[in-house]
Amino acid sequence: MLHSLYEEQIAADPLRTERSTSDPVGYLEHVNRVKESVHIPVIASLNGTTDEGWTSFAPLVEQAGADALELNLYHLSTNLWTSGATLEAYTLDTVRAVRTLVSIPIAVKVFPYFSSIPSLARQFEEIGVNGLILFNRSYQPDIDLETLEVKPDLKLSSSAELLSRLYWIAMLADRVDLSLAVTGGVHTGADALKAILAGADAIQMVSALLLHGPGHLGAVRQEMERWLEAHGHSSLDEIRGIMSLEKREDSRAFSRAGVLEVLQRGIRPGG
Ligand SMILES: Cc1cc2nc3c(=O)[nH]c(=O)nc-3n(C[C@H](O)[C@H](O)[C@H](O)COP(=O)(O)O)c2cc1C
C-alpha cells in the first residue's frame, strides 16, 4: 500500500524540475519502481478534490502497474447548504466515474461521518467497488491558548480508536460483497486479531509503524500466531468474522439494547 497522491500536489507546481513521489510523474515512477522491486501486490492511493483530479489520474496509476487503487475520500463539508444526501450522491458519482475508467480492483476509504454506513457500503458494492476501508481519520487542528493561533496537530492513534472500526466491520462482514479493511487503531497482534474476528479481510497500520518501525510487523505477526496456536486454530480464515453480526446469535451487543445494558451496568469512578 503506497501513500496517496494528493490532488493539491498534482496542481502544485507544474514547472518544478526535481522529482518527488508527491508529484504526479514522480508518483507514477514510484508505483512502477515498487512494482518492479517486490513480489506482492502494489496498491496505489489517490486523494482527489475535483472530478477531473480523480478521473485523469486513476487510469495513469493503473498504466503504471498498480495492482489495485485506493480512493482516499477525504472530504469534510464546510458548506451550510450542502446536505448529507448531496454529499453521498457526489461521493458515489466520483467513485462510479473512476470505476468506469480502470479495470483493476478499487477500494474506497471513508470517514465514519455518513449517516448510514451500511447503505453506503451496499451502494459501493452495486457500482462495482471491491473493497471498503474503515475509517479515515480526520486531522483536526488544535488552538494555542497563548498565541491564539490555530496549530496543526498530528496525533498518532491508540488502540482505543479500533472499537468504532470493529463495530462497523462486524456489522458489515458477510452482508456485503466487499473486501473489508480496518485502518485506525491497530497497534498490536491483539488489535489485529480482533479486527479479523470482527470480519476484516485486511488490516492497515500506520501509527504503530511510525512509533516502533517496520520491524513491529514481525512482532504483531508472532503475537497473532501464538494466539492462534494457543486457541487451537491453524489459520486466520478459521476465525475471520466469527464475531460478526451475521455469525453471532446474540446480536444484542450491536443493537440499542446492548447500549442500554452497558449504560445500566455503569462505569464506576476509578474503576
Ligand atoms: C504521517 C501520516 C501519513 C499518512 N498518509 C496517508 C496517505 O498518504 N494516504 C492515506 O490514505 N492515509 C494516510 N494516512 C492515514 C493512515 O493511512 C491511517 O488511515 C491513519 O493513520 C489511521 O491508522 P493508524 O491508527 O494505523 O495510524 C497517514 C497517516 C499519518 C500519521
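Quick note: residue numbers are just sequence positions, from 1. Only a predicted model underlies this, so the values are computations on that prediction, with no experimental measurement involved. Counting convention: from 1, in listed order, for ligands and their atoms alike.
Phe124 is linked by a ring-ring contact (aromatic ring centres under 6.0 Å, His included) to nothing, counting only residues two or more places apart in sequence or in another chain.
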Report the C-alpha distance between Ser45 and Lys109 in whole Å, list the side-chain angles of each, state the deciding distance to 0.1 Å, and finish with yes or no for side chain to side chain contact (heavy atoms under 4.5 Å, CB included). CA-CA 10 Å; Ser45 173; Lys109 176 160 146 181; over 6 Å; no

Donor-acceptor pairs under 3.5 angstrom involving side-chain atoms of residues 205-220: please list them, not counting sequence neighbours.
residue, atom, partner, partner atom, Å
Ser207, OG, Ser157, N, 3.0
Ser207, OG, Ser157, OG, 3.3
His216, NE2, His187, O, 2.7

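Pairs of residues two or more places apart, or lying in two chains, that qualify as ring-ring contact (aromatic ring centres under 6.0 Å, His included) and include a residue from residues 65-96 are Tyr74-Phe111.
Residues Thr188 and Glu223 bring no donor and acceptor atom of their side chains to less than 3.5 Å of each other.
Distance alone, capped at 3.5 Å, is enough to place a donor-acceptor pair between the Asp67 side chain and the Val42 backbone.
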Give one line per pair: atom of ligand 1, protein atom, distance. Only N/O to N/O under 3.5 Å.
residue, atom, partner, partner atom, Å
ligand 1, 8 (O), Ser4, N, 2.8
ligand 1, 8 (O), Ser4, OG, 3.4
ligand 1, 8 (O), Tyr6, OH, 3.4
ligand 1, 9 (N), Ser4, OG, 2.5
ligand 1, 11 (O), Ser4, OG, 3.3
ligand 1, 11 (O), Glu70, OE1, 3.3
ligand 1, 11 (O), Asn72, ND2, 2.7
ligand 1, 11 (O), Lys109, NZ, 2.9
ligand 1, 12 (N), Lys109, NZ, 3.0
ligand 1, 17 (O), Lys109, NZ, 3.0
ligand 1, 19 (O), Lys109, NZ, 3.0
ligand 1, 19 (O), Thr183, OG1, 2.8
ligand 1, 21 (O), Tyr139, OH, 3.3
ligand 1, 23 (O), Thr183, OG1, 3.4
ligand 1, 23 (O), Gly184, N, 3.2
ligand 1, 25 (O), Ser157, OG, 2.5
ligand 1, 25 (O), Gly185, N, 2.8
ligand 1, 26 (O), Val206, N, 2.8
ligand 1, 26 (O), Ser207, N, 3.4
ligand 1, 27 (O), Ser207, N, 2.8
ligand 1, 27 (O), Ser207, OG, 2.5

